[in-house]
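A short write-up of the structure that comes next.
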Amino acid sequence: MVTPLIPGRFTIRATDGKARLGTLQTAHGVVETPIFMPVGTVGRVKAVAPDDLAGIGAEIILGNTYHLYLRPGDELIHRRGGLHGFTAWNKPVLTDSGGFQAFSLSELRTIRENGVEFRSHLDGSQHLFTPEKVVEIQRNLNSDIMMVLDECVAYGTPYDYTAKSIELTTRWALRSRAIHPACSSGNLLFAITQGGFFADLRSRSVEQLCGHDFDGFAIGGLSVGEPKSLMYDLLAHTVPLLPADKPRYLMGVGTPVDIVTGIENGVDMFDCVLPTRNARNGTLYTSQGKINIKRTQYAEDDGPLDPGCSCYTCRTFSRAYLRHLQHSGEVTAFRLNSVHNLTYFLNLVRGARAAVAEGRLAAFAAGIRAVYPEGGV
RNA sequence: GCGGAUGUAGCUCAGUUGGCAGAGCACCUGGUUGUGGCCCAGGGGGUCGUGGGUUCAACCCCCAUCAUUCGCC
């Protein structure tokens, strides 16, 4: 009765302008796009248990190669049935390659032709990530969507360095594909385009990668401190260059307005720590805008966090109680706030999918921008 | 009853030879974009226990007094 899944098959069912409504098949299920993917760096979305994720409606989550390799180790996870068996999450998982950690934990790392040498942030031990090693780790994790090792350059990196960097990222991507040919397993492999903040380098990076048979293409290296308008300009420039028949993934982005803008430009997948990290700090996204639950004005506010939300948190607790939990440093505050913020982000892409299906994405996006007028951080 | 110690921000405490009242935490307001449950930025806060004295000038020196605390009768 159930047609077998064909990992990697991407079907576009509708479009609205440049935006697409699609389905991506993976070894652990079908993902409807555009999608937001909660981040679960060490094999768990922080503060959120699997049954919470079911209530939120999460369809795919992230894990991180760098963190899981260091602790508890990819081979240990492999012996326990991969990430799905180990973490009791049987839906799709995408794993980031560790390229971004090489960037963000950059104090003690060296980038060479062969790969990235780095020191563990846990114990200072020396390690080497090659493109091949990173694929091998992600196969041990049995990731549904593996990301190639890439070099992410900082905002402000000069043109010459960035130009050399995209060549390296391309060579690494092809080495990754060489040891993991298309259709060789249920582990899909996405390439990552780079190019810093130079439109022609963004174009060149896409040209070098898109002729090869990757299962999807990511845009990396954005939202690293640049002005908002620059990111949007590069997005509008780059997304149309990507293969139309493959999923497009904007890495590490973003705010509600960023996500809607990405969808309008034709991006299919997003991930960001913002909803979960901000949840733990008391910054919450609602249908009426962003609020800081710690504020004094909520001390005796008996209303729900977001009257327009039907998540467990909003159904059950008052703003006054949530503020109290946050002020008390109670771990339950992390959970309840994370459940709410993730519900907001998942509802956001759900709403966008419905809008694309009905050809009214522009109006939907205008509604989001009206609620988050400053760009919605 | 006698002797000592201590009284400075909500809390714990610095404060030089007498020269504009300080820190940490807490509190308040922002920030947080392929996550080190972190971190960063800004802000509001004072009858220096109380009363007197000396001095151009006192948290600081002198006297008295109150409170807290420790020890001894």
Side-chain angles (χ1 to χ4, degrees), chain A residues 36-48 61-68 70-71 93-107 119-124 134 138 143 145-153 155 169 190-194 216 218-228 231-232 235 249-259 261-262 267 269-285 290-299 323 326-335 337-338 341-342 345 372 374-377:
Chain A
F36 177 81
M37 305 180 284
V39 178
T41 303
V42 301
R44 173 59 53 229
V45 178
K46 288 184 188 296
V48 175
I61 63 174
L62 256 69
N64 187 275
T65 298
Y66 168 87
H67 289 280
L68 291 168
L70 288 180
R71 186 172 59 191
V93 172
L94 181 150
T95 47
D96 190 19
S97 63
F100 186 78
Q101 277 61 43
F103 161 71
S104 64
L105 304 167
S106 61
E107 314 84 53
R119 284 182 174 279
S120 162
H121 69 281
L122 297 173
D123 62 9
V134 162
Q138 291 178 97
S143 171
I145 301 176
M146 310 188 297
M147 302 303 299
V148 300
L149 186 66
D150 65 329
E151 184 187 14
C152 178
V153 300
Y155 178 56
T169 289
F190 278 27
I192 303 175
T193 67
Q194 290 285 349
I219 298 173
L222 291 183
S223 200
V224 290
E226 75 279 13
K228 207 57 115 171
M231 179 174 99
Y232 291 163
L235 207 51
Y249 167 27
L250 178 55
M251 304 186 78
V253 174
T255 68
V257 170
D258 291 344
I259 289 171
T261 303
V267 175
M269 304 164 68
F270 304 85
D271 81 281
C272 192
V273 303
L274 216 51
T276 40
R277 176 184 287 162
N278 278 353
R280 296 194 300 278
N281 294 331
T283 298
L284 303 174
Y285 295 86
K290 192 176 74 167
I291 74 173
N292 183 345
I293 196 62
K294 287 180 294 193
R295 289 179 59 141
T296 307
Q297 71 178 97
Y298 304 121
R323 176 180 187 273
Q326 187 72 34
H327 268 271
S328 303
E330 171 56 44
V331 293
T332 304
F334 297 156
R335 176 187 166 211
N337 292 348
S338 296
N341 272 358
L342 287 176
F345 275 63
Y372 292 97
E374 285 106 38
V377 171

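Chain identifiers are assigned alphabetically (A, B, ...) following the order of the sequence lines, protein sequences preceding nucleic acid strands; residue numbering begins at 1 within each chain.
Rounded to a whole angstrom, the distance from the P atom of B:rG10 to that of B:rU50 is 13 Å. Rounded to whole Å, the C1' atom of B:rA58 lies 35 Å from the corresponding atom of B:rC72. Spacing of C1' atoms, B:rC62 relative to B:rA23, comes out at 30 Å, to the nearest Å. B:rU29 sits 16 Å from B:rG45 when the P atoms are compared, rounded to a whole Å. Atom C1' of B:rA21 sits at a distance of 38 Å from the matching atom of B:rG36, rounded to the whole Å. With P as the reference atom, B:rC56 and B:rA14 are 32 Å apart, rounded to whole Å. A distance of about 39 Å separates the C1' atoms of B:rU16 and B:rG31, rounded to the whole Å. Comparing the C1' positions of B:rC48 and B:rU6 gives a spacing of 14 Å, expressed to the nearest Å.
In this structure, A:N292 reaches the B:rG30 phosphate: one of its side-chain N or O atoms is under 4.0 Å from OP1 or OP2. For the OP1/OP2 pair of B:rU33 and a distance below 4.0 Å, the side-chain nitrogens and oxygens of A:R277 include at least one atom meeting the criterion. Dashed line: the shortest gap from a side-chain N or O of A:N281 to OP1 or OP2 of B:rG31 is not under 4.0 Å. Residue A:Q101 has no polar side-chain atom (N or O) positioned under 4.0 Å from OP1 or OP2 of B:rG34. Using a 4.0 Å cut-off, some side-chain N or O of A:H327 falls inside it from OP1 or OP2 of B:rC27. Using a 4.0 Å cut-off, some side-chain N or O of A:R323 falls inside it from OP1 or OP2 of B:rC28. At B:rU29, one or more side-chain N or O atoms of A:T296 fall inside 4.0 Å of OP1 or OP2 (strictly under the cut-off). For the pair A:H67 and B:rG36, the criterion of a side-chain N or O lying under 4.0 Å from OP1 or OP2 is met. Regarding contacts with the backbone of B:rU33, every side-chain N or O of A:K228 stays at 4.0 angstrom or more from both OP1 and OP2.
A pairwise comparison of heavy atoms in A:N278 and A:N341 identifies C-ND2, 4.2 Å as the closest pair. Nearest heavy-atom pair, A:L122 versus A:L70, reported as atom, atom and distance to 0.1 Å: CD1-CB, 4.0 Å.
Using a 4.0 Å heavy-atom distance criterion, A:L250 is classed as making no nucleic acid contact. Within the nucleic acid shown, A:Q297 has no heavy atom closer than 4.0 Å to any nucleic acid atom. In this structure, A:A218 reaches neither bases nor backbone, as no heavy-atom distance under 4.0 Å exists between it and the strands shown.
Here the nucleotide nearest the side chain of A:K290, chosen from B:rU32, B:rU33, B:rG34, is B:rU32.
Annotation: side chain of A:K46 is not in contact with side chain of A:V273 (no heavy-atom distance under 4.5 Å).
Residues A:Q138 and A:T95 bring a donor and an acceptor atom of their side chains to less than 3.5 Å of each other. Donor-acceptor pairing under 3.5 Å is recorded for the side chains of A:D271 and A:Y249.
Scanning atom types as modelled, one donor and one acceptor separated by under 3.5 angstrom connect the side chain of A:R280 and the base of B:rU35. A donor N or O paired with an acceptor N or O is not found under 3.5 Å between the base of B:rU33 and the side-chain atoms of A:T255.
With hydrogens and angles ignored, the 3.5 Å screen pairs a side-chain donor or acceptor of A:S97 with a backbone N or O of A:G99.
For RNA chain B, runs of at least 3 consecutive pairs of the Watson-Crick or G-U wobble type, with both hydrogen-bonding distances under 3.5 angstrom, map to B:1-7 with B:66-72, B:10-13 with B:22-25, B:27-31 with B:39-43, B:49-53 with B:61-65.
Between A:H327 and A:Y298, the distance separating the two ring centers is not shorter than 6.0 angstrom.
Screening A:L284, A:V45, A:V48 for a side-chain contact (heavy atoms from CB on, under 4.5 Å) involving A:S338 leaves a single residue, A:V48.
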